[in-house]
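Note that this is a predicted model, so its numbers are computed, not measured.
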Amino acid sequence: MSFSVNDPFLYLLSAIIVAFVIAQSFFFLVKASRRARQMGIATATVRKTILSSALFSIAPAISILVGVITLSNFIGLPFPWLRLSVLGAVTYELPAATIAAGTMGASVKETITDPQVFSAIAWTMTLGIISGIVLVLFGLKRIRRGMRSITGKDKRWGEIVMDSLFLGMVSAFVGMLFADIRSGLPGFIPIAVALVSALMMGICGVLIKVCKMSWLEQYALPLCMLCAMALSIPLTALMA
């Protein structure tokens, strides 16, 4: 029996789940609009809020689309479409899939043809995120109480703790940049791309803070990702 990561059955399953998520979104949109009318909020205000929210969702959607395209190169389109339509965590999905593929001896440059390899990647991506969901479900209130306790006593210390948590999360992915440096110049491509992306983010930060371009906050991430990916193309062609 042949296996395809783009099998129509996978498209069907993904479409059903994505349609359910979209329907759920519309359900709460209607409920919220009705509640706004009951509270006496002007219709023009509600429409403006919906329109601005829709426009600002375009920027994060670009980075998610980039993740879908990247993942579709080796695990097909339906599964990444499903994963990132529901979760949208590009920073998790791509490294998880890459690590799982490497463990199974598969290349991320070629389409997966072995159903066992695809299954291992899919289960790794799915089960790996459950711990976060469980932690939020049962431990969010306790975590928030702890954070409020820290920030209540010393606001500056609370900011340091939050920055440390963020840097710790980023550090967990930094190791992947240095995974292939022993292979020569091609191994330094991920490092160069990451540095350019960081430089672009720094420039965006200056524009936001100094030039007061607050609208750029929503577009900084996808802009930096696209610029870094565009740089990787000539670098790969030059060093390959």
Applying a strict under-4.5 Å side-chain criterion to I, L, V, M, F, W and Y, I'd like to know whether [X] and [Y] cluster together.
| X | Y | answer |
| --- | --- | --- |
| Leu13 | Ile112 | no |
| Leu199 | Val210 | no |
| Phe26 | Val46 | yes |
| Ile130 | Leu137 | yes |

Rounded to the nearest 0.5 Å, how far apart are [atom1] of [X] and [atom2] of [Y]?
| X | Y | atom1 | atom2 | value |
| --- | --- | --- | --- | --- |
| Leu195 | Ile191 | CG | CD1 | 7.5 Å |
| Leu65 | Ser85 | CG | OG | 10.0 Å |
| Met201 | Ile208 | CE | CD1 | 8.0 Å |
| Phe118 | Trp123 | CZ | CH2 | 12.0 Å |
| Ser33 | Arg47 | OG | CZ | 10.0 Å |

Locate the shortest heavy-atom distance separating [X] from [Y]; write the atom from each residue and the value.
| X | Y | result |
| --- | --- | --- |
| Phe3 | Val5 | CE2-CG1, 3.7 Å |
| Lys209 | Lys212 | O-NZ, 3.5 Å |
| Phe74 | Ser107 | CB-O, 4.2 Å |

Is a donor on one side and an acceptor on the other found under 3.5 Å between the side chain of [X] and the backbone of [Y]?
| X | Y | value |
| --- | --- | --- |
| Asn73 | Thr111 | no |
| Ser14 | Leu10 | yes |
| Arg83 | Met125 | yes |
| Ser197 | Val193 | no |
| Thr98 | Leu94 | yes |

Within the 4.5 Å heavy-atom criterion, are [X] and [Y] side-chain neighbours or not?
| X | Y | answer |
| --- | --- | --- |
| Asn6 | Tyr11 | yes |
| Leu71 | Leu84 | yes |
| Val206 | Cys211 | no |
| Val18 | Val21 | no |
| Ile121 | Phe79 | no |
| Ile17 | Val86 | yes |

Considering residues, nucleotides and ligands other than Gln116, do more than 12 of their heavy atoms fall under 6.0 Å from its CD?
->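 Atom CD in Gln116 is not crowded, with 12 or fewer foreign heavy atoms closer than 6.0 Å.
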